[in-house]
Each structure stands twice: as C-alpha cells, then as structure tokens.
Asks: 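There's a structure below that I have some questions on.
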Amino acid sequence: MHDPASLRLESVTVDFGGLRALSNVSIEINPGEVVGIIGPNGAGKTTLFNVLSGLVHPTSGTFYMGGAKRNWPKPHELTQLGIARTLQGVGLFNDLTVNENLLVGASHVERDNFFKSLLGLDRNKQRHLYEEAQNLLAELQIAEYARELASSLPYPISKRVALARALMCKPSTLLLDEPAGGLGVEDIEWLKEFVLRFRSEKSVLLVEHHMDVIMNVCDRIYVLNFGELIAHGTPDQIKHNPLVIAAYLGNEDGE
Ligand SMILES: Nc1ncnc2c1ncn2[C@@H]1O[C@H](COP(=O)(O)OP(=O)(O)OP(=O)(O)O)[C@@H](O)[C@H]1O
Ligand SMILES: [Mg+2]
C-alpha cells in the first residue's frame, strides 16, 4: 500500500466551450482526512472529481502531490499514484461477473483484454488476486454475489461492488462520487461506517448530496456553487454558514 500523500489542486478552472464549470477552485486532501465536496446540482462537483481522476483536463490550475508540483494525473496513472475512484452512478462492466469486475480493478488485468491478460499472469499471481477479491467481497459483506453477472445485481449491491473494485488496487486515497446516491437508510449507515473505518489509514474525497453522510463522516467540507468555492470548513462551520444556506435554499426554490 502507498503511504498517503497530501493532494492539492490549486486555482483550477475548467471551461467546457463557453461554459465555465469551475472557476479558480483550490482544495486539498491531507493524509487520513475525509474531505467532502457539496453543492447544488451542476455546481461543478463531478467536474472537480474528474480533474483529480484524470478524466477532465483543466483549462488552468496546478496539481501538487506530497507538496511537489506534478502533471495532472492521467486515468491510467491513478493506481501508481495510490488513487482509486468510484464514479457517479455505478459504472461496472455489466457483461462480467462480480469477481471479474474486481480483477479488472487490479492494475494487472485489462478490461479490453480480460481473459488474455488474466491468463498472462502466473498462477500464483492469479490465485493471489482472486484471494484478494474474495477477502474484499467478504469485508464488504457481498461474498455471495461473487459469481453473479454485474448486470443482475440489486442496485445497492452493485454500488458495493464498485467500491470493492476500487479497493482492489490498494489505494491510499479513495475518491467517491455520490456513493450514497439511490441507497436506502441501512445501506447509507453501512457506507458511513465503511468510510470512517477506511479513514483510519487512508484519505477519502467524498462528493455527496446526502447531508447526513457528509456531516457525519467529513473532517472538512468544501462547498461549490456555480463553479465557485463559496465556503470551506468543518461540518459545524458549514452548517451555519449563511452563504451555504442561501445556495441550498436558492436551489430548492428553483426546483
Ligand atoms: N463534458 C461536459 N461538457 C459540457 N458541459 C459539461 C460537461 N460536464 C459537465 N458539464 C457542465 O458543467 C457544469 C458542472 O457539472 P458537474 O457535473 O460537475 O456538476 P455536479 O456538481 O456534479 O452536479 P450533480 O450534483 O448534478 O452531479 C454543469 O453545468 C454541467 O452541465
Ligand atoms: Mg455530479
């Protein structure tokens, strides 16, 4: 496992054509912290998440890792950097089983060449990866689904599989985009405990609409509105921040 490094995104601006999705946004994630990103729909949360996961290249801005400036990560570099992510929605490979999805999460196995790259590994390595996958599935309490096709899973189970797949590369930083989205009360409770357990060794960046989750598990929270950072602080500070309250009320009125 990688030692967690601090991650810092400084003055990030993202333009999609004429639309400025992020404007001069700076955030940092320190080792062992759970950092939340909240904001109304369209505020730029996923865009920021995508910048950090290499899916969106920012128009301007600087990335620091462990205090050192470096190029923006590319998706295939994330594992090396100790970063793993789950996407908004589920994003599993539907035509693969749960086990196979987890093996793809390990850096050695390629999605496009699944069986060939798996068979290309020596038997010990194959067995080791398979055991790791079973351990993770057991830890996430979904072991009985190992042989099911991803397309056949109940939604909350597929969200856990996505989490297990992200953990296969032993990240030191986990990026989660709306992990509680669409879950019921019990699964949300489970998720909160999971994040708190995970935090003892690693860092988490959590994009989430569920205030209950955010307020209970985050050490610090950043608030975006229309692509701008309007507040930053502890859950208590954020709860009482008038700009945050106004942004959310404004959004409710508009819907
Ligand atoms: N690839 C893209 N091309 C053009 N515009 C985009 C693209 N991705 C996002 N946007 C726009 O950028 C803005 C920010 O979108 P983003 O998905 O980051 O918001 P969000 O805060 O994640 O919202 P939600 O809570 O609904 O997930 C929105 O206006 C969105 O329409
Ligand atoms: Mg989003």
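Both ligands and their constituent atoms are indexed starting at 1 by order of listing. The basis for the numbers below is simple: all heavy atoms, side chains too, and nothing from hydrogens, waters or symmetry mates.
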Asks: Where do Met211 and Tyr248 land on the side chain to side chain contact (heavy atoms under 4.5 Å, CB included) test, with the steps shown first?
Replies: CA-CA 11 Å; Met211 285 304 150; Tyr248 275 93; 3.4 Å; yes

Asks: Could an N or O of ligand 1 be found under 3.5 Å from any N or O of Ala21, whether backbone or side chain?
Replies: no

Asks: Among protein heavy atoms, which lies nearest atom 8 (N) of ligand 1, and at what distance?
Replies: Phe16 CE1, 3.4 Å

Asks: So if I count the atoms of ligand 1 from 1 in the order they appear, which ones are less than 4.0 Å from some heavy atom of His209?
Replies: 25 (O)

Asks: Measuring from atom CG of Leu136 to atom CG of Leu102, what distance do you get when rounded to the nearest 0.5 angstrom?
Replies: 6.0 Å

Asks: Take a 6.0 Å sphere around NZ of Lys239 and say whether it holds more than 12 heavy atoms from other residues, nucleotides or ligands.
Replies: yes

Asks: Protein heavy atoms near atom 31 (O) of ligand 1, is at least one of them under 4.0 angstrom away?
Replies: no

Asks: Below 3.5 angstrom, do we get any N/O pair linking Ala43 and ligand 1?
Replies: yes

Asks: Just to confirm my output: which protein heavy-atom neighbour is closest to atom 11 (C) of ligand 1, and how far is it?
Replies: Leu19 CD2, 3.4 Å

Asks: Which residue and non-hydrogen atom of the protein lie closest to atom 27 (O) of ligand 1, and at what distance in Å?
Replies: Gln88 NE2, 3.0 Å

Asks: Give a yes/no verdict on a cation-pi contact between Arg165 and Phe93, requiring under 6.0 Å between NZ or CZ and the six-membered ring centre and an angle within 45° of the axis.
Replies: yes

Asks: Please write down residue, atom name and distance for the protein heavy atom closest to atom 26 (O) of ligand 1.
Replies: Asn41 ND2, 2.9 Å

Asks: Can you find a pair of side-chain heavy atoms, one from His210 and one from Leu183, that are under 4.5 Å apart?
Replies: no

Asks: Is any N or O atom of Gly42, backbone or side chain, closer than 3.5 Å to an N or O atom of ligand 1?
Replies: yes

Asks: Measure from the Mg ion (ligand 2) to each N, O or S atom of Thr46 and report whether any distance is below 2.8 Å.
Replies: yes

Asks: Looking only at protein heavy atoms, which one is nearest to atom 15 (O) of ligand 1, and what is the separation?
Replies: Thr47 OG1, 3.8 Å

Asks: So which protein heavy atom does atom 17 (O) of ligand 1 come closest to, and at what separation?
Replies: Thr46 CB, 3.7 Å

Asks: For a quick test of reading the model, state the closest non-hydrogen atom pair linking Tyr155 to Gly181 and the distance between them.
Replies: OH-O, 3.0 Å

Asks: Would you give the length of the straight line joining atom NZ of Lys45 to atom CG of Asn225, rounded to the nearest 0.5 angstrom?
Replies: 9.5 Å

Asks: Taking the side chain as C-beta and beyond, is there a heavy-atom pair between Phe63 and Pro58 under 4.5 Å?
Replies: no

Asks: Answer with yes or no whether Gly39 contacts ligand 1, where contact means a heavy atom under 4.0 Å from a ligand atom.
Replies: no

